[in-house]
Amino acid sequence: MKIIINGIEAEVPAGVTVAAALAHAGHGATRRSLSGQPRQAFCGMGVCQECRVRIDGQPERLACMSLAVEGMLVETLA
Amino acid sequence: MTKHLQADAIVVGAGPAGIAAVSHLLPAGRSVIWVDNQPRPGGQIWRGAALPQVDTLRQHPRLSMLPGHAVVAAESPHELLLHDAAGQQTLRVRAPQLLLALGARERMLPFPGWTLPGVHGAGGLQALVKGGWPIAGRRVLLAGSGPLLLASAASLRAAGARLLGIYEQAPRGALARFAAGLPLGKMAQALGLGWRLRGLPYAPGCWPLRALGENKLEAVLLTDGQREWAEPCDALGVGFGLLPNTELAELLGCALQDGAIAVGAKLQTSLPGVFAAGECTGIGGVDKASLEGAMAAAAMLGQGLKPYARRHAGQLAFARRLASGFALRPELLQLADAKTLICRCEDVSLGALKAWPQWRDAKLQTRCGMGACQGRICGPITQTLLGWPEASGGRGTRAPLQPVPLRCLMDD
Ligand SMILES: Cc1cc2nc3c(=O)[nH]c(=O)nc-3n(C[C@H](O)[C@@H](O)[C@H](O)COP(=O)(O)OP(=O)(O)OC[C@H]3O[C@@H](n4cnc5c(N)ncnc54)[C@H](O)[C@@H]3O)c2cc1C
Ligand code: FES
């Protein structure tokens, strides 16, 4: 399955979450903290909000709570 | 456009407790609106697993199943506002009865380096792996406390992780007391570390001191209270037990007790028509959650709960054992130094928080708890580390319970 991460096409397994898809594509971080530190999915269950990314133009979507679908546009803030 | 739905009962949570409840309510003739913010049912334990029972329920004509929907606000306990993150839609749902089967989350304690990529909750890492996160061949270390470390280890190993060890802060003696006399078939088996965890080092009386690395995790510094040593690894799963999810109950005004939703013998909360079941009424594992889901449904149907009473007393006794067997050692409250971030959303350090006596001042002065997670991570931490009160009014839980577009909260 293909999704587009920060404008670049990535091949990821079907049926996985966006968080998992990002990790498959080698993205070590989903966002940068206020002071510029890299951050990554932490709680895996929608609590910590560290995994938030832009999905198909919608900001602040939780990568751990969203399933990746073919052609999806994902933008990290890292 | 806001959509409206109405039924006899709303069940929030599709984990073991919610599943048991809905399985009783539907055949008894009730119509049910079933809400869960995960994309797939199963709760924390059965996430992503095949659930034939739920597949059957799904077909039921009296069920409106709403996966991927979060309860974000409430007019009253009988009228909730839902947000569908994927569709960016709002739903208003109404019912005379409400069951809160909200589950639990991991207790996090901060230590230097805990914000590095590669450091996750122990159950969190397991959850990510159940969602397809690549772990095969990676060197993984688990640390913290409680049976969840074992459950995570089993899942991670099954997914091909190179598990280096489990570091449990509870001392060997406490674990032995916990395991001795457990009802047969309970956690004793897992704690004996027979089958699936063969060959995996399980080290009681050890805990993490800091996570080492520049931009990502490279090693974990561990201690047994005497010596310190670094273990190189790619991922650390760390968690110090579980905490009931109570935000929605707090928002509605339900009374809490010991950090859980307070319930009576019929699993009713302090509000009429509102029930609670599972980990959100107290941490006790999957068996307690399933049993309480069934009990709450029976209570909602006006049936007697006598047939459940003995088993429930057993589950509650197990919950108490769990709490004392894995009680946290005081050293864990000293792990964070002045520079360690407590609020991950707003980058507020322990040093910056120590100047304030309680949430209100700290929120205004440092923005601690004002970020996207709304104090879900740092709230319990400040309570544990600084003694700030967390109960209703302390942290001030408010709608929306999670970030949503403004239009979601506006009437149309
Ligand atoms: C990350 C994690 C992993 C775990 N893994 C295991 C395991 O492998 N084995 C094991 O024995 N135990 C595990 N547990 C323990 C777990 O709590 C189980 O005992 C069991 O899942 C509890 O069932 P429950 O129905 O009470 O809650 P849960 O299974 O937690 O279900 C509650 C559900 O409610 C949903 N929810 C909560 N609030 C809202 C809201 N406002 N709007 C919409 N939906 C909401 C949640 O997303 C969740 O799906 C885990 C716990 C955690 C935190
Ligand atoms: S990883 Fe915590 S919200 Fe997604």
Side-chain angles (χ1 to χ4, degrees), chain A residues 1 3 10-74 76-78, chain B residues 37-40 43-44 47-48 68 70 85-86 88 103-106 108 114-135 214-217 237-239 243 245 247 341 343-349 367 371-374 376-378 402-405:
Chain A
M1 186 176 83
I3 66 171
E11 183 71 37
V12 300
V16 305
T17 62
V18 173
L22 286 167
H24 273 285
H27 286 262
T30 33
R31 69 178 200 101
R32 293 224 165 239
S33 78
L34 286 182
S35 57
Q37 307 164 352
R39 296 283 177 81
Q40 190 180 40
F42 178 63
C43 73
M45 58 177 288
V47 172
C48 73
Q49 317 273 316
E50 291 284 26
C51 68
R52 55 192 198 270
V53 293
R54 186 180 279 265
I55 297 179
D56 291 334
Q58 292 165 8
E60 312 271 303
R61 293 279 309 274
L62 297 182
C64 74
M65 301 289 280
S66 311
L67 295 176
V69 296
E70 178 74 39
M72 186 180 247
L73 300 176
V74 181
T76 70
L77 307 169
Chain B
N37 53 8
Q38 293 196 55
R40 294 183 280 225
Q44 299 309 338
R47 150 199 317 268
Q88 296 292 300
R105 59 163 167 276
E106 291 184 89
M108 296 301 174
W114 76 303
T115 53
L116 282 175
V119 180
H120 312 273
L125 183 56
Q126 180 202 33
L128 290 166
V129 166
K130 287 181 183 174
W133 183 276
I135 203 73
E214 235 358 91
N215 284 313
K216 68 176 174 56
L217 177 72
V238 64
L243 292 173
N245 287 329
E247 279 82 12
L341 296 184
C343 174
R344 299 173 67 110
C345 297
E346 299 287 334
D347 281 1
V348 187
S349 68
R367 290 195 51 81
C373 97
Q374 289 286 294
R376 278 178 176 75
I377 299 285
C378 62
Q402 64 175 59
V404 289

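Proteins come first, then strands; the chains are lettered A, B, ... in the order of their sequence lines, and each starts at number 1.
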On a heavy-atom basis, the closest approach of Pro134(B) and Ala20(A) is CD-O, 3.9 Å
Per-residue tally against chain A (heavy atom, under 4.5 Å) across Gln88(B), Glu106(B), Lys216(B) peaks at Gln88(B)
One should read off an interatomic distance between Ile377(B) CD1 and Phe42(A) CZ, to the nearest 0.5 angstrom, of 6.0 Å
In this structure, CG of Leu128(B) is separated from SG of Cys51(A) (nearest 0.5 Å) by 8.0 Å
So, the part of Pro13(A) with a heavy atom under 4.5 Å from chain B: the answer is neither
One should read off an interatomic distance between Met45(A) CE and Arg105(B) CZ, to the nearest 0.5 angstrom, of 7.5 Å
Output for pair (Arg344(B) CZ, Leu34(A) CG), nearest 0.5 Å, gives 13.0 Å
The interface call for Arg39(A) against chain B, heavy-atom contacts under 4.5 Å, is both
Turns out that what part of Cys345(B) lies under 4.5 Å from chain A's heavy atoms comes down to both
Bottom line for Glu346(B): the part with an atom under 4.5 Å from chain A's heavy atoms is both
When rounded to the nearest 0.5 Å, the distance separating NZ of Lys130(B) from OG1 of Thr17(A) is 13.0 Å
Interatomic distance, SG@Cys43(A) vs CG@Leu125(B), rounded to 0.5 Å, equals 12.0 Å
**Item:** His120(B) side-chain N/O to Gln40(A) backbone N/O, donor-acceptor pair under 3.5 Å
**Value:** no
One option among Gln37(A), Arg52(A), Gln49(A), Arg31(A) has the most heavy-atom pairs under 4.5 Å with chain B, and it is Gln49(A)
Answer key: most heavy-atom pairs under 4.5 Å with chain A among Pro117(B), Cys373(B), Ala127(B) is Pro117(B)
Given Gly46(A), Ala41(A), Cys64(A), Ala29(A), the one with more heavy-atom pairs under 4.5 angstrom with chain B than any other is Ala41(A)
